[in-house]
Amino acid sequence: MREVPSIAEVLRIYTEFSGLHPVCEVFPMKPDDEFWQLVEHIQVNGVVEKILREKSTGLLVDGRNRLLACSITHSLFEIEDVESDYILAAVTAKNQHSKKFTASVASMIAHELKPFYAERAKERQIRKSVDSVVEKIPQQNHSAKARDEAGKDVGVNGRYVDMASDVHLVDQALAASVKAGKVSITKAHAQIKDQAKALKAEVRSALKPEIIVKEQVPIITAKGVVTMINKPKMPIFNETNESVSWAKWTWNPVTGCEHGCKFCYARAIATSSRMAEIYPNGFEPTFHEYRLECPANTTLRPSSDPKDRRVFVCSMADLFGKWVPDAWIKQVFDAALKNPQFEYLFLTKWPKRYSMLSELPMAWLGASVIKQADVERIERDMTSFDAHSGIVRWISLEPMLEPIKFSDLSWCDLVVIGAQTGTSQPDGWHAPFAPKFEWVADVVQQCQEQGIPYYLKPNLVTDPGMQMTQMQPRRRT
């Protein structure tokens, strides 16, 4: 197969163009077989369509494949200059007409076009405000309008564009596969939708418009590396989404972990490029001392729902991991003790360190169990400290990776069972995993026999869902 020349090399030859317009790059090039068919067509018939150029800048707007073919066939071509305001419409219409994209490919194209539509909307609003005699014009939702316009122009609805944006946010390699036509947008979105929700919730909480940067403050890793970051004027708890169904808030004075679980939801968020400003150390264990102010700054409004006063502490870390200094844990607990209006939820793989804690009026002290080898140690450590009135000792089987048998659950106040959600990690995509129905049913039976409350996470039913046994009938002989 002959090699297709690069557009960068060809643009150096044709000095009529000053470069490549970014809108042009959104649309995929022709596959090699179609490109060589175009070359053969131009050799016989010449160049039928004009190549478009932005009038004000000289940038190539549309016609990359034709220009490449002309460089091979040495054919002549005509240039048509286009005003900047008409570039989006011209390029989108030409590509949509000539290439007939699938809905999946079109959704990714629409996502990449959104910034151009948003910028155009802003420019129009600025012009309108300058020309208008009205003193103040309400701000438009440029993002939503851009999504709808981009989707309409490439032939997909806003829902598809939103799915494409979610995929691009979580896993850019997967997004590239969708754009290349290798994976459908619905299948790709099903893989990452839970992670996208969590990531967007984290971004919204961290970038609330009312939170104004006040000063620079240090954060420090467990290895002693200090980084200066912007401190919000008033640090408060983050509100959860439906992925945390038992608490309204999360609080992360410590982030990062060294357990190395391949499926870790928190690491997928912390190492996302979108979160680089919020987590400059990635998933390196880090103490954010300024966040100790959050309990005092967060308003607890009257509510009959017990969830509204619950705070999941260190959802982005294991606060009691071996690498976490005692001083960090003590400061977190001191901040909680000073604000007993909240009910604090803790979860760790190392519950032995719970014995160092002062008493909280209301707290959940939890341990993570994902395989049978964890059980003996967890049962020993969770019964090694006294649980005073108001304390909940609980176990999280999320993800439940194999059948689990407990020796004694009489000390436990709640068992939570869940599946493994698919995540995009630094080393690639880790697929979702759901326990078998029999594994879950067996733990439920253990709870029922000993009178222990249990909670089945929604992801056991929705996505990825339990692995249901499908047996064939036996035949009598």
Side-chain angles (χ1 to χ4, degrees), residues 21-28 62 85-128 137-209 239 241-243 269 272-275 421-422 424 462-463:
H21 196 285
V23 170
C24 187
E25 296 185 88
V26 170
F27 294 89
D62 179 75
D85 285 353
Y86 299 103
I87 285 176
L88 268 177
V91 176
T92 304
K94 277 184 170 292
N95 280 276
Q96 180 69 359
H97 174 73
S98 62
K99 295 176 182 173
K100 306 295 183 187
F101 302 115
T102 66
S104 294
V105 175
S107 67
M108 295 307 305
I109 292 172
H111 159 75
E112 293 180 33
L113 287 173
K114 276 199 309 183
F116 300 104
Y117 282 89
E119 187 62 32
R120 185 178 70 176
K122 289 179 183 177
E123 290 174 356
R124 286 175 176 173
Q125 187 172 2
I126 291 171
R127 291 175 192 171
K128 184 177 179 182
I137 297 175
Q139 291 293 314
Q140 299 176 5
N141 186 341
H142 296 305
S143 179
K145 186 175 178 63
R147 175 203 63 195
D148 293 338
E149 288 188 351
K152 180 180 178 181
D153 284 353
V154 298
V156 293
N157 62 39
R159 185 175 65 87
Y160 270 72
V161 184
D162 286 341
M163 287 195 292
S165 297
D166 285 352
V167 173
H168 193 272
L169 174 66
V170 172
D171 192 333
Q172 295 190 18
L174 182 60
S177 294
V178 175
K179 188 175 179 180
K182 298 177 182 178
V183 182
S184 74
I185 186 61
T186 51
K187 183 177 180 179
H189 190 259
Q191 291 181 5
I192 59 82
K193 63 180 181 181
D194 289 335
Q195 189 177 341
K197 286 180 183 177
L199 187 52
K200 287 188 290 186
E202 195 77 16
V203 171
R204 281 195 301 271
S205 295
L207 303 178
K208 287 180 179 177
E239 285 198 52
N241 63 5
E242 61 268 26
S243 64
I269 293 174
S272 165
S273 59
R274 183 78 179 272
M275 303 299 287
T421 303
S424 179
T462 55
D463 187 22

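Position 1 is the first residue of the sequence, and the numbers go up from there. Just the heavy atoms: all of them, side chains too, but no hydrogens, waters or symmetry mates, feed the values below.
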Sequence-distant partners of Lys94, side chain to side chain donor-acceptor pair (under 3.5 Å), two or more places apart: Glu49

Residues two or more places apart in sequence or in another chain: which of them pass salt bridge (charged side-chain N to carboxylate O under 4.0 Å, His left out) with Asp62? Arg66

Donor-acceptor pairs under 3.5 Å, side chain of residues 180-188 to any protein atom, not counting sequence neighbours: which ones?
unit_1: Ser184; atom_1: OG; unit_2: Thr186; atom_2: OG1; d: 3.3
unit_1: Ser184; atom_1: OG; unit_2: Lys187; atom_2: N; d: 3.1

Evaluate the side-chain proximity of Cys24 to Ile87: yes if any heavy-atom separation is below 4.5 Å, no if none is. no

If I take atom CE from residue Met108 and atom CG from residue Leu113, how far apart are they, to the nearest 0.5 angstrom? 11.0 Å

Side chain to side chain donor-acceptor pair (under 3.5 Å) filter on Ser165, not counting sequence neighbours, yields His111, Lys114

Please report the interatomic distance NZ(Lys179) to OG(Ser107), rounded to the nearest 0.5 Å. 10.5 Å

Among residues at least two apart in sequence or on other chains, which ones pass side chain to side chain contact (heavy atoms under 4.5 Å, CB included) with Glu25? Leu20

Please examine the side chains of Tyr117 and Thr92, heavy atoms only from C-beta on, and report whether any two atoms are closer than 4.5 Å. yes

By side chain to side chain donor-acceptor pair (under 3.5 Å), His189 pairs with (sequence neighbours left out) Asp166

Shortest non-hydrogen pair, Ala110 vs Ala150, comes out as O-CB, 3.5 Å

Do you know which two heavy atoms are closest between Ala175 and His168, and how far apart they sit? CB-CA, 3.9 Å

Heavy-atom check, side chain of Val154 versus side chain of Phe101, under 4.5 Å: no

Those residues at least two apart in sequence (or on a different chain) that pass salt bridge (charged side-chain N to carboxylate O under 4.0 Å, His left out) with Asp153 are none

Ala103: which residues meet the side chain to side chain contact (heavy atoms under 4.5 Å, CB included) condition with it, sequence neighbours left out? Val156, Tyr160

Roughly how far, to the nearest 0.5 Å, is CE of Met275 from CG of Leu169? 9.5 Å

